[in-house]
Amino acid sequence: MSIRLEDKYARAFFTPAELAAFDKEVKEADELLRSGKGPGSDFLGWIKLPKNYDKEEFARIQAAAKKIQKKAQALIVIGIGGSYLGARAVIEFLKSNNYNSLKKNTPDVYFAGNIISADATRELFELCEGKDICVNVISKSGTTTEPAVAFRIFRDYLEKKYGEEEAKERIFVTTDRARGTLKQFSTEKGYETFVVPDDVGGRFSVLSAVGLLPIAVAGIDIVKLMEGAASASEEFKNPDLSKNDCYRYAAIRNLLYRKGKTLEVLASYEPFTAMFSEWWKQLYGESEGKDQKGIFPASVIFSTDLHSLGQFIQDGTRNLFETVLDLEDTGCSFPIPADAANVDGLNFLSGMDMNKVKKTAMEGTILAHVDGGVPNLVVKISERNEFVLGELLYFFELSCAISGYLLGVNPFNQPGVESYKKNMFALLGKPGYEDLRADLEARLKN
């Protein structure tokens with residue numbers, strides 16, 4: 001298996017008996033998940049998705065990606081939360097966090113509709129000036145404010161630039177199969193549509209059309225991505241903690257949580273993992289943060305953040321633990337040159353590969369943080385390619401589901417997210433929210 005959990009740097013913080021005591025709970029969580037009898041059972045389609053996906057739609061995704069590659073120099077992906085984070089995480093992990101600045105034979109991929117900002121919108125238009133563009137709007141309903149506003153703006157732009165008929169060929173919609181405002185509008189307009197599966201929640205949707213179309217446009221092999229996830233779905237079926245790294249990760253997280261470690265820091269040593277960390281934070285934050293419970297997910301990129309957050313992690317409040325992403329082979333090397341003057345005193349590094357220095361920095365940091373009272377888990381990733389990343393995505397999705405059940409929450413809903421939406425609609429004057437608006441305005445004045 002290309003994904004392995006190393007827990008030796010956390011063992012000082014719990015006993016073998018304490019971990020073994022989770023065995024029964026983990027098996028019960030596994031049974032709830034596999035039987036579909038647990039909370040949120042209407043949203044378990046992601047479990048079998050790597051194998052039981054719609055092959056006809058998958059072929060259409062590949063064809064649409066090729067069409068976009070031919071027609072456009074830039075693709076604007078409009079979505080928020082799980083509707084964009086997975087795709088962006090995969091593109092940057094496999095290509096680069098500087099993907100849009102690299103020389104390549106695939107379109108730039110920009111993301112919109114995930115923030116309400118006049119400055120960001122204006123800047124995106126400037127970045128796309130002189131380029132042919134296509135748009136992929138991703139929304140189950142089509143009425144979520146942030147993506148709906150962005151789609152209105154870019155649809156207007158496309159229709160003015162190309163005319164309605166050509167604009168129709170440049171707009172691709174990922175939405176509900178049969179219902180909702182966006183589905184109805186797309187049918188009327190004649191846009192090509194793809195499906196947000198009814199039984200797959202947004203944060204688990206990266207391996208559906210939600211993520212796969214933008215990923216394929218960036219020239220990534222989505223067949224290999226799905227094969228990796230399918231491999232992981234088989235590898236992590238056994239609920240035995242001694243044989244399932246995915247479940248052991250979920251168990252140790254909850255064991256540490258019950259010991260007062262309420263914050264988890266995902267640490268990595270490559271900038272191309274930054275958006276993967278953002279995807280991970282939504283996955284765990286939105287799945288577990290309920291009923292006044294949950295492990296708060298945070299992230300850092302070392303060694304950069306060792307010079308900003310390193311002091312706190314080393315010596316601050318002892319309510320946290322770290323999970324380190326250890327990418328063993330990035331596929332790239334860079335030797336450090338010698339300096340005859342040895343101005344910086346670093347000639348002892350001459351000829352050494354930067355990967356060796358990075359690995360040593362990681363090992364030294366782990367040991368220092370453990371000595372400082374911070375348990376460390378290490379997720380080892382063998383190499384950087386589509387198959388392995390597919391395994392990693394599934395590893396975290398599955399462990400998140402098990403972890404949520406261990407925590408005693410429904411890992412597949414997000415009731416808290418609706419609160420801000422209602423308040424925003426009311427304050428903006430949406431019809432039907434008049435009473436709430438009056439109450440909120442009074443509270444703001446006081």
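This one's a predicted model, so the numbers in the text were calculated from it and none came from an experiment.
Taking 4.5 Å as the limit, some side-chain heavy atom of V26 sits within range of a side-chain heavy atom of L406. No side-chain heavy atom of V374 sits under 4.5 Å from any side-chain heavy atom of Y9. Two residues are said to be in side-chain contact when any heavy atoms from C-beta on lie closer than 4.5 Å; F172 and C134 meet this criterion. Considering only heavy atoms from C-beta on, W279 stays 4.5 Å or farther from F93 through its side chain. At least one side-chain heavy atom of V370 sits under 4.5 Å from a side-chain heavy atom of F13. Considering only heavy atoms from C-beta on, T121 stays 4.5 Å or farther from I115 through its side chain. D108 has its side chain out of reach of L75: every pair of non-hydrogen atoms, C-beta onward, lies at least 4.5 Å apart. Contact annotation: the side chain of I116 never approaches that of V149 to less than 4.5 Å [non-hydrogen atoms, C-beta and beyond].
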> Between K168 and E159, does a salt bridge (charged side-chain N to carboxylate O under 4.0 Å, His left out) hold up when you go through it step by step?
Replying inline: CA-CA 8 Å; K168 181 179 73 173; E159 290 179 350; over 6 Å; no

>> Walk me through whether Y157 and F125 qualify under ring-ring contact (aromatic ring centres under 6.0 Å, His included).
In response: CA-CA 10 Å; Y157 171 78; F125 274 103; 5.1 Å; yes

>> Show, in sequence, the C-alpha distance, side-chain angles and deciding distance for D176 and K140, and conclude whether the salt bridge (charged side-chain N to carboxylate O under 4.0 Å, His left out) test is met.
In response: CA-CA 5 Å; D176 190 89; K140 187 132 178 99; 2.8 Å; yes

>> F204 vs F412, test: ring-ring contact (aromatic ring centres under 6.0 Å, His included). Steps then yes/no.
In response: CA-CA 9 Å; F204 289 85; F412 306 112; 5.5 Å; yes

> Between I381 and V388, is a side chain to side chain contact (heavy atoms under 4.5 Å, CB included) present by the stated rule, with each step listed?
Replying inline: CA-CA 7 Å; I381 307 159; V388 174; 3.5 Å; yes

>> Let's go through D353 and K356 carefully: what are the C-alpha distance in whole Å and the side-chain angles of both, what is the deciding distance for salt bridge (charged side-chain N to carboxylate O under 4.0 Å, His left out) to 0.1 Å, and is it a yes or a no?
In response: CA-CA 5 Å; D353 191 86; K356 170 65 176 174; over 6 Å; no

> Could you walk me through whether R170 and E192 pass the salt bridge (charged side-chain N to carboxylate O under 4.0 Å, His left out) check?
Replying inline: CA-CA 9 Å; R170 292 178 176 272; E192 182 169 8; over 6 Å; no

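With hydrogens and angles left out, the side-chain atoms of N254 and S403 include a donor and acceptor closer than 3.5 Å. Side-chain N/O atoms of K290 and N413 include a donor and acceptor closer than 3.5 Å. For N376 and E322, the side-chain atoms include at least one donor-acceptor pair closer than 3.5 Å. In this structure, a donor-acceptor pair under 3.5 Å is present between the side chains of T323 and E264. Remark: the K281 side chain and the S299 side chain contain an N/O donor-acceptor pair separated by less than 3.5 Å. R203 and Q414 are linked by a side-chain donor-acceptor pair at a separation below 3.5 angstrom, with hydrogens and angles left out of the test. There is no side-chain donor-acceptor pair under 3.5 Å between S2 and E383.
In this structure, T273 contributes its side chain and Y269 its backbone to no donor-acceptor pair below 3.5 Å. Within the 3.5 Å criterion, the main-chain N or O of D132 finds a donor-acceptor partner in the side chain of Q73. A side-chain donor-acceptor contact under 3.5 Å links Y257 to the backbone of G294. Between the side chain of D305 and the backbone N or O of I301 there is at least one donor-acceptor pair closer than 3.5 Å. Here the side chain of T317 pairs no donor or acceptor atom with the backbone of N319 at under 3.5 angstrom. Under a 3.5 Å cut-off, the side chain of T144 and the backbone N or O of E146 do not form any donor-acceptor pair. Side chain of Y394 to backbone of I47: a donor-acceptor contact under 3.5 angstrom is found. A distance-only check finds a donor-acceptor pair linking the side chain of R384 to the backbone of K95 [under 3.5 Å]. Within the 3.5 Å criterion, the main-chain N or O of T193 finds a donor-acceptor partner in the side chain of R60. T174 places no side-chain N or O within 3.5 Å of a backbone atom of I138 that could act as its donor or acceptor partner.
Within a 6.0 Å radius of CD in E188, other residues, nucleotides and ligands contribute more than 12 heavy atoms. Surrounding NZ of K293 are more than 12 heavy atoms belonging to other residues, nucleotides or ligands, all under 6.0 Å away. Atom OH of Y420 sits in a crowded spot, with more than 12 heavy atoms from other residues, nucleotides or ligands closer than 6.0 Å. With a 6.0 Å radius and a threshold of 12 heavy atoms from other residues, nucleotides or ligands, R318 has its CZ atom above the threshold. Residue K243 qualifies as open at atom NZ: its count of foreign heavy atoms under 6.0 Å is 12 or below. Enclosure of atom NZ in K55 by more than 12 non-hydrogen atoms of other residues, nucleotides or ligands within 6.0 angstrom is indicated. In K421, the NZ atom is crowded: over 12 heavy atoms of neighbouring residues, nucleotides or ligands sit closer than 6.0 Å. In the displayed structure, K48 atom NZ is contacted under 6.0 Å by at most 12 heavy atoms of other residues, nucleotides or ligands.
In this structure, Y249 has its ring center closer than 6.0 angstrom to the ring center of F396. Taking the six-membered ring wherever Trp is involved, the centroid distance between the rings of Y284 and W280 falls below 6.0 Å. F395 and F236 have their aromatic ring centers within a separation under 6.0 angstrom. Between Y110 and Y84, the distance separating the two ring centers is not shorter than 6.0 angstrom. Separation of the F22 and Y247 ring centroids does not fall under the 6.0 Å cut-off.
Residues I220 and E386 share a closest heavy-atom pair of CG2-CG, 3.5 Å. Nearest heavy atom pair, residue A87 against residue V206, reads N-CG2, 4.1 Å. In terms of heavy atoms, P107 sits closest to Y99 at O-OH, 2.6 Å. The shortest heavy-atom contact between T330 and F272 is CG2-CZ, 4.4 Å. Between S139 and T175, the closest heavy-atom pair is O-OG1, 2.7 Å.
Between D7 and R248 there is a salt bridge, with a side-chain nitrogen of the basic residue lying less than 4.0 Å from a carboxylate oxygen of the acidic one. Using a 4.0 Å cut-off between a side-chain N of Lys or Arg and a carboxylate O of Asp or Glu, K237 and D30 do not qualify as a salt bridge. Between D326 and K380 there is a salt bridge, with a side-chain nitrogen of the basic residue lying less than 4.0 Å from a carboxylate oxygen of the acidic one. Between E169 and K67 there is a salt bridge, since at least one side-chain N of the basic residue sits less than 4.0 Å from a carboxylate O of the acidic one. Note on E166 versus K161: no salt bridge recorded, every NZ/NE/NH1/NH2 to OD/OE distance being 4.0 Å or above. R152 has no carboxylate O lying under 4.0 Å from a charged side-chain N of D156, or vice versa, which leaves the two without a salt bridge.
The distance from atom NZ of K422 to atom NZ of K430, rounded to the nearest 0.5 Å, is 11.5 Å. Expressed to the nearest 0.5 Å, how far OG of S277 lies from CG of L325 amounts to 6.0 Å. Atom CD in E123 sits 5.5 Å away from atom CG in L127 (nearest 0.5 Å).
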